[in-house]
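This report concerns only the one structure given below.
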Amino acid sequence: MANRQIGATLRKYRKMRGWTINDVVVKFHDLYDMDVAEKTVYGWESDQSLPRTESLLTLCELYQIDRLSDGLIAPPTTVSDFPITPDEMEMIKQYRKHPELHEVIRRVLNAP
């Protein structure tokens with residue numbers, strides 16, 4: 001993972017609420033009708049994998065993280081530290097296809 005801060009931050013927010021990984025799994029199912037395995041949540045928190053955009057937005061809502069810059073995203077230090085990966089390019093393409101989500105994404109990212 002390029003940004004190991006994400007897993008540690010997700011774990012920190014979960015523990016701040018006194019929740020177990022199983023609690024997160026149950027909340028995903030009960031509150032959002034999303035099935036996620038304990039192993040998956042552990043993978044996110046241990047930086048073995050990154051949550052998909054929908055899961056990340058759900059985690060932000062669940063943990064009441066109103067700005068991703070509040071601990072989930074470390075800003076690049078130089079332009080060379082900010083390459084766009086194929087996955088990020090795909091996310092940009094999907095973002096452009098769904099203008100109805102732009103306001104929500106801007107709010108989550110605290111972008112103008």
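Note that the structure is a prediction, hence the values are computed from the model and not measured.
- Each side chain to side chain donor-acceptor pair (under 3.5 Å) pair with one or both residues in residues 54-63, not counting sequence neighbours, appears once here: Y32-E61.
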Show me the side-chain donor-acceptor pairs of residues 36-45 shorter than 3.5 Å, one per line, residues at least two apart or across chains.
residue, atom, partner, partner atom, Å
E45, OE1, R14, NE, 3.3
E45, OE1, R14, NH2, 2.8
E45, OE2, R14, NE, 2.6

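- L109 and L101 fall within a single hydrophobic cluster, where Ile, Leu, Val, Met, Phe, Trp and Tyr are joined by side-chain heavy atoms under 4.5 Å apart, directly or via other members.
- Cluster annotation: M16 is not connected to V26 through the hydrophobic network of ILVMFWY side chains, with a link wherever side-chain heavy atoms come within less than 4.5 Å.
- Applying the side chain to side chain contact (heavy atoms under 4.5 Å, CB included) criterion to M91, with sequence neighbours excluded, gives T53.
- Here the side chains of L62 and F28 are in contact, with some heavy-atom distance below 4.5 Å.
- The structure places CZ of R52 at 13.5 Å from CG of L57, a figure rounded to the nearest 0.5 Å.
- Considering only residues two or more places apart in sequence or on other chains, T20 meets the side-chain hydrogen bond (donor to acceptor under 3.5 Å, both in side chains) condition with D23.
- Considering all non-hydrogen atoms of both residues, D47 and G7 come closest at OD1-N, 3.1 Å.
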List, one per line, each side-chain donor-acceptor pair under 3.5 Å for residues 92-99, sequence neighbours excluded.
residue, atom, partner, partner atom, Å
Q94, NE2, E90, OE2, 2.9
Y95, OH, R106, NH2, 3.4
H98, ND1, E100, OE2, 3.1

